[in-house]
Amino acid sequence: NAGVMQNPRHLVRRRGQEARLRCSPMKGHSHVYWYRQLPEEGLKFMVYLQKENIIDESGMPKERFSAEFPKEGPSILRIQQVVRGDSAAYFCASLRSEVAEAFFGQGTRLTVV
Amino acid sequence: DQQVKQNSPSLSVQEGRISILNCDYTNSMFDYFLWYKKYPAEGPTFLISISSIKDKNEDGRFTVFLNKSAKHLSLHIVPSQPGDSAVYFCAARGGSNYKLTFGKGTLLTVNP
């Protein structure tokens with residue numbers, strides 16, 4: 001039973017480019033969180049999605065960031081026009097339901113140069 | 001406003017002894033609590049959880065205690081092993097808000 005799969009594991013982008021981070025949830029899980037971890041800091045909530053719905057995006061920056069979780073395929077976190085401050089580890093977690101445990105992927109480490 | 005606090009950035013314990021990691025919360029709507037372990041360059045790994053209707057949950061070497069009146073929970077690891085050395089995060093969820101709120105983590109070092 002495969003766990004939460006995130007790809008790529010490492011992503012390098014130049015300032016101004018777009019970054020696309022993918023998250024395939026565990027089988028049977030229809031809920032996804034995205035979190036960001038900056039160096040020397042804890043995990044900060046970004047967005048909570050169910051299939052085809054954004055439930056809570058209160059942690060997402062208002063500009064340049066967007067997330068989706070389509071009916072088919074992985075969840076995507078998209079960062080447009082990246083800046084150096086976007087460099088961080090981005091973690092996705094999936095859940096079977098909104099009251100279940102969340103299981104995390106290995107993360108995508110984004111470096112903006 | 002930090003709703004979940006882990007006030008000890010680090011903890012060092014001898015192998016075989018008990019490790020106690022603490023977590024405090026301020027939001028009385030939280031009703032479900034989780035502990036995660038994280039190694040460098042890896043994602044957090046779920047360890048154990050507890051619902052607010054319980055005051056204790058045990059799974060092998062890991063026990064979580066919840067004191068609702070004090071808004072405090074703790075994770076006990078007995079006996080501690082060198083492989084337990086990692087950052088431990090406390091997380092909470094509740095009310096109409098399903099997002100997990102994390103503490104800043106405690107680095108546990110278990111010395112052989």
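Residue numbers begin at 1 in each chain, while the letters A, B, ... track the order of the sequences.
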> Would you say A:E101 and B:Y32 are linked by a side-chain donor-acceptor pair, where the criterion is simply a distance under 3.5 Å?
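On atom types as modelled, these side chains qualify, holding a pair under 3.5 Å.
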
> Would you say B:I77 ends up clustered with B:I50 if hydrophobic residues are merged whenever their side chains have heavy atoms under 4.5 Å apart, either directly or through other cluster members?
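The answer is yes; both residues are in one hydrophobic cluster.
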
> Is A:F45 reachable from B:F30 through a run of hydrophobic residues whose side-chain heavy atoms are each under 4.5 Å from the next?
no

> Given heavy-atom pairs under 4.5 angstrom as the criterion, report whether the side chain, backbone, both or neither of A:I55 touches chain B.
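Contact with chain B is absent: no heavy atom of A:I55 under 4.5 Å.
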
> For the interface with chain B, which of A:A102, A:G107, A:C92, A:S58 has the highest count of heavy-atom pairs at distances below 4.5 Å?
A:A102

> Counting only heavy atoms not in B:R17, do more than 12 sit closer than 6.0 Å to its CZ atom?
no

> Pick one of side chain, backbone, both or neither for B:L34, based on which atoms fall under 4.5 Å of a heavy atom in chain A.
side chain

> Is it true that atom NZ of B:K54 has more than 12 heavy atoms of other residues, nucleotides or ligands lying nearer than 6.0 Å?
no

> Please look at A:A89 and chain B and tell me whether the side chain, the backbone, both or neither of the residue comes under 4.5 angstrom of a heavy atom of that chain.
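Neither part, no heavy atoms under 4.5 Å.
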
> The test is side chain to side chain contact (heavy atoms under 4.5 Å, CB included); show your working for B:L100 and A:Y33 and say whether it passes.
CA-CA 9 Å; B:L100 282 174; A:Y33 291 119; 4.0 Å; yes

> In terms of heavy-atom contacts, does CD of B:E15 have more than 12 from other residues, nucleotides or ligands at under 6.0 Å?
yes

> Side chains of A:Y35 and B:F102, heavy atoms from C-beta outward: is any pair under 4.5 Å?
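A:Y35 reaches B:F102 side chain to side chain.
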
> Has B:R61 got more than 12 heavy atoms of other residues, nucleotides or ligands less than 6.0 Å from its CZ?
yes

> Should we count NZ of B:K68 as having more than 12 external heavy atoms under 6.0 Å?
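Above 12, so yes.
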
> Same hydrophobic cluster for A:L43 and A:F103, using side-chain heavy-atom links shorter than 4.5 Å among ILVMFWY?
yes

> Find the distance between CD (A:E57) and NZ (B:K99) and round it off to the nearest 0.5 Å.
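So the CD of A:E57 and the NZ of B:K99 are separated by 12.0 Å.
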
> Using side-chain heavy atoms (C-beta onward) and a distance below 4.5 Å, is B:K38 in contact with A:F91?
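Yes, close enough: below the 4.5 Å cut-off.
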
> What part of A:Q6 lies closer than 4.5 angstrom to a heavy atom of chain B: side chain, backbone, both or neither?
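A:Q6 has no heavy atom closer than 4.5 Å to chain B.
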
> Heavy-atom cut-off 4.5 Å, strictly under: side chain, backbone, both or neither for B:A91 against chain A?
neither

